[in-house]
Structure formats: C-alpha cells, structure tokens
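Worksheet for the structure shown next.
The sequence lines fix the lettering, A, B, ..., with proteins before strands; numbering per chain opens at 1.
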Number of protein chains: 2
Amino acid sequence: MFARVNKHDGVPAYIQIMHIIKKEVFMGRIKERDQLPPVRELAEIFGVNMNTVMKALERLQLEGLVEAEHGVGYFIKESEIVKEEVLSMIRKVVRELKQKDMDLEVTKLLFEEVWRND
Amino acid sequence: MFARVNKHDGVPAYIQIMHIIKKEVFMGRIKERDQLPPVRELAEIFGVNMNTVMKALERLQLEGLVEAEHGVGYFIKESEIVKEEVLSMIRKVVRELKQKDMDLEVTKLLFEEVWRND
DNA sequence: AATAGTGTTCTAGTTAATTAGAACACTATT
DNA sequence: AATAGTGTTCTAATTAACTAGAACACTATT
C-alpha cells in the first residue's frame, strides 16, 4: 500500500511520507475514518525511525488531514467530497492544457509562480 | 524597482530574491533581453552578500529564466511567451484549489499523476 | 597591456533542519 | 491491576542549508 522512502533524493523523509499519505487519501485509496497502521509499523514500512513518521503525522494533523487519538491510533479526517471535487478539477485543467500543447515542466513552473504570487 | 529582502521571516534570502526577480519578469516590468543590474549592485539593493544573489541567479538560470555572460552581465532569456488564456486558466484553478486548502506540493503530485495517467 | 566592470569559484563559519534512541503516557482488554 | 498496543515527549547527534569574505577569471575599452 505504501511506497518505501528514498533516503538519497534530497527530499527529507518526513516530507516524502506526508506526500505519500496525502496522495493515497486524495486518490481514494485510503478512505475517510480509516485507521492508519500504527506509527511503529509505518516506521518499519517506510524504513525510518518512529519519530520521523510522527513528524509527518503531526504536520498532517495541523493541516487537518488526519487526527490522533492517544493510545488508539491515527485516523483519516478529510471529507470524500473535497477529494473528488479537487481531482476532477485537476483532470479538467490537465485536459485543457494538454490540448494547448503545454509541457508538464513549464506548467509546473507557472503553477508555482502563480501559487506564490497571486 | 526591487524590494529589499526581509532577513527574519524564515524564508531564505536567495529564495526571496528569486521570487522578486521572477515576479518582475512575470509582470512584464523587466522585458526580454533586458540586462539585470550587476551582482554587486543587486547585493547592495537586497542587503545581502554577492553570493546570495549568485545563488538566486544560478537557480533562475537552471529554470531558464535568465542567462549569464561571464564578464558582461545577466540577461533575461527569451522564453516562450505564455498565452494569456493559459495563464488565466491556471490563475483560476489555483484560486479554487487554494480555497479548498490544497497545498502546492500535493497539488503538484496530483498534477503529475493525472498528467501521466489520464 | 592596462584598467575598470563584470561574473565565478573556493573556503569556512553559523544556523537550522532532520533523524534517531529511549523513556513516558494513554486506552482497551483481560 | 496487569498487560499489550498504541501515541507522545525529551534529548542529542548528525547532516544539510545558508550566508559571507576573499581571491580568481572573463570582457570590453582605452
């Protein structure tokens, strides 16, 4: 279910873990109210220390994607509706941009620039 | 023309400088083929060391926005002119995604995934 | 070839980010 | 109340990022 973390590509492990979990949720492969595997198990899966997983989960909690219950576990918090809406929004704009012969890398740059400055 | 860098807001100076220059180009306040002020002058304007400016310019060069001529200066590179239609399309979707509390990095991930698989 | 104006590289100090080990704390079950 | 399974906090070592000073290298002009 989860990909292993790549320790030598420059991106911090906890950031990679955040991305992996977010992606799974947004793609609908982890559903609302699902319980995540225990922190220790995730640590083993990803090949990192428990606290590295903790750091990712804390940040995801701040962003409102997951919720911790002390002594019980971590649960997915985000609503299904937003995910579908976001996904189809992205699908639509990707379709339109491809039709205009845009290139992925340039698009990403523009995206970042607009994101930061608008 | 250029804003001064804020050294205490957590964002590294060279990143701030990249954003400032990008924005100037993006907004059309620096035109294609224009020469930038000398590195030393920029350093003074921004209130940082020459190498901090260098670092920003090197990254901008990698992204294809500027080009260095050793012993002469830095120039804005002629790039594909982005269609207004594309830009406003991106602006719109960025606005919507931000409203839904999406973050840039995950959006980029989803974007790539959809781009490659749709 | 000398000079002034420009970009570039080398080196190192400082600071911040990242990761890990170990002990602690809560919950549910028996 | 004991235990097993879970999240949490504390501390410290390591690593990476950031910035700066100084010397070097290229270009155009005289």
| Spacing between A:Phe75 atom CZ and D:dG7 atom C1', to the nearest angstrom | 11 Å

| query | How do A:Ala68 and A:Gly71 order along DNA chain D: which one's closest nucleotide is nearer the 5' end? | reply | A:Gly71

| note | Taking for A:Glu69 and for B:Gly10 the nucleotide of DNA chain C with the nearest heavy atom, the one nearer the 5' end belongs to B:Gly10

| query | Looking at B:Thr52, does any N or O in its side chain come under 4.0 Å of the phosphate oxygens OP1/OP2 on D:dA20? | reply | yes

| Pick the nucleotide of DNA chain C nearest each of A:Pro12 and A:His70; which residue has the one closer to the 5' end? | A:Pro12

| request: Give the cluster check for B:Leu110 versus B:Leu104: same hydrophobic cluster or not, with ILVMFWY residues linked at side-chain heavy-atom distances below 4.5 Å. | output: yes

| said: Looking at B:Arg40 and C:dG5, is any side-chain donor or acceptor paired with a base atom of the opposite kind under 3.5 Å? | reply: no

| request: Look at A:Tyr74 and D:dG7 and indicate whether a side-chain polar atom (N or O) is within less than 4.0 Å of OP1 or OP2. | output: no

| message | Tell me the interatomic distance from A:Leu36, atom CG, to D:dG7, atom P, rounded to whole angstroms. | response | 9 Å

| message | Looking at B:Lys7, I'd like to know whether one of its side-chain N or O atoms comes within less than 4.0 Å of OP1 or OP2 on C:dT15. | response | no

| query | Which pair of heavy atoms, one from A:Lys77 and one from A:Gly64, lies closest together, and at what distance? | reply | CB-O, 3.6 Å

| field | Under-4.0 Å side-chain N/O to phosphate OP1/OP2 contact, B:Asn49 with D:dG21 | value | yes

| note | To the nearest angstrom, the CD-P distance between B:Glu44 and C:dG5 comes to 14 Å

| Of all the nucleotides listed (C:dG7, C:dT18, D:dA22), which has the minimum atom distance to the side chain of A:Lys55? | C:dT18

